[in-house]
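As the structure is a computational prediction, the values presented were derived from the model and not from experiment. Just so you know, ligand 1 is whichever comes first in the structure, and atom 1 is the first atom listed for that ligand.
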Amino acid sequence: MDVDCRALVAERIRQRGPITVAEFMDLALYAPEVGYYARAARRSGRAGDFVTSVDVGAVFGALLAERFAGWWRAMGTGARGPARIDLVEAAAGNGRLTRDILDAAARRDPAFYQALAAHLVERSAPARAAHPGVLASHGPRLASSGDALPAGIDGIVFANELLDALPVHLVEMGAAGLSEVYVDLASGRLIDRPGPLSSPALAAYLADAGVTLGAGARAEINLAAVDWVSGVAARLRRGFLALVDYGYQAAELYSEARRQGTLATYHRHLVDAPDAGAPAGPAWLADPGSRDLTSHVDFTSVRRAAERAGLETVTVTSQTRFLLEILEGSPLVAELSAPDRLAERLALKTLLMPGGLGSTLTVLVFAKK
Ligand SMILES: C[S@@+](CC[C@H](N)C(=O)[O-])C[C@H]1O[C@@H](n2cnc3c(N)ncnc32)[C@H](O)[C@@H]1O
């Protein structure tokens with residue numbers, strides 16, 4: 001248990017009163033020095049708490065490189081893309097995925113590689129500190145590393161598992177209507193309790209999504225995801241936005257099947273799903289700062305935010321389909337069939353397999369032409 005982060009949360013509540021789940025999550029994950037992501041450069045992988053497609057192997061980056069090269073060509077004239085494009089990775093962690101993409105581009109498509117100006121955007125300070133080392137062999141390609149998106153972007157913005165890591169509000173449908181769940185202190189213990197909505201944007205969000213929660217149901221509202229997508233659209237002058245994340249369409253996410261919501265914790269590869277009402281309280285309240293907290297993304301609202309901000313939807317599809325389409329007709333297939341590439345073939349299988357990462361992850365692609 002991380003006493004410092006819990007003490008910070010308790011102090012905030014003593015000073016200001018009960019805090020929203022979004023504020024709790026923001027502290028638990030990102031409070032400088034004590035938040036879960038603020039304390040380490042890397043949280044995923046075998047030695048970490050969860051596995052992302054990046055951990056599976058460099059083949060994920062190689063496939064993205066191939067798709068991104070196609071988008072680069074589509075942005076140019078003839079067979080060549082523009083002389084320079086931005087390649088912006090948000091939630092870049094320690095920079096491994098951009099490195100894998102640049103490794104593959106350098107090997108397979110030097111013209112594309114030479115055109116790239118890579119920008120790594122990451123909120124965790126220790127992860128940012130790792131960028132120059134991880135990207136050492138691509139020094140001239142690394143244009144920036146920071147905690148905010150570049151101001152004007154011509155090119156490609158992408159993020160693997162960003163939106164599900166953003167702080168969410170938690171609401172509950174009570175007998176008297178919609179209320180918000182707050183984190184409070186009772187006899188020195190962190191507890192969850194209902195209170196008034198902290199913002200009219202929460203009710204407006206559900207109305208916009210055409211959702212009415214069932215009696216007693218809890219649901220997360222990710223206002224930060226919608227803001228983030230609108231922010232990218234405002235900065236993107238021309239190009240593509242690709243997002244890979246866990247989630248559902250609004251009708252499915254906010255259905256009776258998920259009446260406890262989806263806010264879950266990950267610790268050493270064990271998931272603790274919602275269990276509001278359990279004697280010990282919901283799992284997401286335990287040990288702030290020492291576990292990952294994540295909730296499923298509402299793709300309907302993300303797509304609506306993108307389109308309202310001037311982006312065009314290119315595709316919303318499973319990771320399996322997205323990667324298979326890249327593999328179709330790709331020289332990678334022949335390369336990977338070589339006897340010494342068994343490990344990469346197995347990694348590819350993990351990325352594609354139904355029931356695994358392939359079918360639980362969704363890829364959303366938007367464009368501004
Ligand atoms: C689940 S991890 C995914 C990391 C990496 N993309 C991967 O797939 O392994 C989420 C990451 O998003 C970062 N993050 C959260 N909010 C962010 C924001 N607003 N801008 C940039 N990075 C953010 C976190 O610090 C964390 O490193």
Side-chain angles (χ1 to χ4, degrees), residues 5 22-23 25-61 63-64 87-101 118-131 134-135 144-150 153 157-168 222-232 234-235 241-247 262-267 269 271 289 291-297 302 319 323 347 350-351 357 360-363:
C5 190
E23 192 176 350
M25 205 169 154
D26 198 62
L27 291 170
L29 294 181
Y30 305 112
E33 284 162 35
V34 295
Y36 175 77
Y37 282 111
R39 289 193 295 120
R42 181 173 171 184
R43 284 303 193 177
S44 62
R46 207 173 291 173
D49 294 316
F50 55 93
V51 171
T52 71
S53 297
V54 187
D55 300 304
V56 171
V59 68
F60 184 57
L63 288 166
L64 290 184
L87 181 71
V88 182
E89 183 182 4
N94 64 9
R96 290 172 302 142
L97 180 54
T98 289
R99 182 204 53 205
D100 293 344
I101 291 169
H119 303 265
L120 303 185
V121 186
E122 170 53 56
R123 198 169 167 189
S124 157
R128 283 199 307 276
H131 292 167
V134 173
L135 274 292
S144 73
S145 154
D147 64 356
L149 289 162
I153 302 167
V157 182
F158 67 104
N160 190 55
E161 295 198 35
L162 164 67
L163 303 182
D164 74 350
L166 295 176
V168 289
N222 198 334
L223 297 179
V226 163
D227 283 353
W228 188 86
V229 169
S230 311
V232 172
R235 288 166 175 80
L241 166 63
L243 300 168
V244 187
D245 236 310
Y246 292 98
T262 63
L263 189 56
T265 73
Y266 281 84
H267 185 58
H269 304 275
V271 62
R291 298 157 177 239
D292 188 28
L293 288 172
T294 163
S295 74
H296 281 53
V297 176
V302 165
Q319 174 164 293
L323 296 182
T350 306
L351 293 175
L357 290 168
T360 51
L361 284 162
T362 295
V363 182

Q: Does Asp55 form a salt bridge (Lys or Arg N to Asp or Glu O under 4.0 Å) with Arg42? I'd like the steps, not just the answer.
A: CA-CA 11 Å; Asp55 300 304; Arg42 181 173 171 184; 2.9 Å; yes
Q: Show the distances, to 0.1 Å, for all pairs joining an N/O atom of ligand 1 and a protein N/O atom that are shorter than 3.5 Å, listing one pair per line.
A:
| unit_1 | atom_1 | unit_2 | atom_2 | d |
| --- | --- | --- | --- | --- |
| ligand 1 | 6 (N) | Ala91 | O | 2.7 |
| ligand 1 | 6 (N) | Asn160 | O | 2.8 |
| ligand 1 | 8 (O) | Thr52 | OG1 | 3.3 |
| ligand 1 | 8 (O) | Asn160 | ND2 | 2.8 |
| ligand 1 | 9 (O) | Thr52 | OG1 | 3.0 |
| ligand 1 | 22 (N) | Arg123 | N | 3.3 |
| ligand 1 | 25 (O) | Glu122 | OE2 | 2.5 |
| ligand 1 | 27 (O) | Glu122 | OE1 | 2.9 |
| ligand 1 | 27 (O) | Glu122 | OE2 | 3.1 |

Q: Can you label the angle between the Phe50 ring and the Tyr36 ring as parallel, tilted or perpendicular, going by 30° and 60°?
A: tilted
Q: Return the CD to NE2 distance between Glu122 and His131, rounded to the nearest 0.5 Å.
A: 6.0 Å
Q: If you look at every heavy atom in Gln319 and Val244, which pair is closest and at what distance?
A: OE1-CG1, 3.4 Å
Q: If every non-hydrogen atom of Ile101 is compared with every non-hydrogen atom of Gly61, which pair is closest and at what distance?
A: CG1-O, 3.5 Å
Q: To check you understand the geometry: which heavy-atom pair defines the closest contact between Ala41 and Ala127, and what is its length?
A: O-CB, 3.5 Å
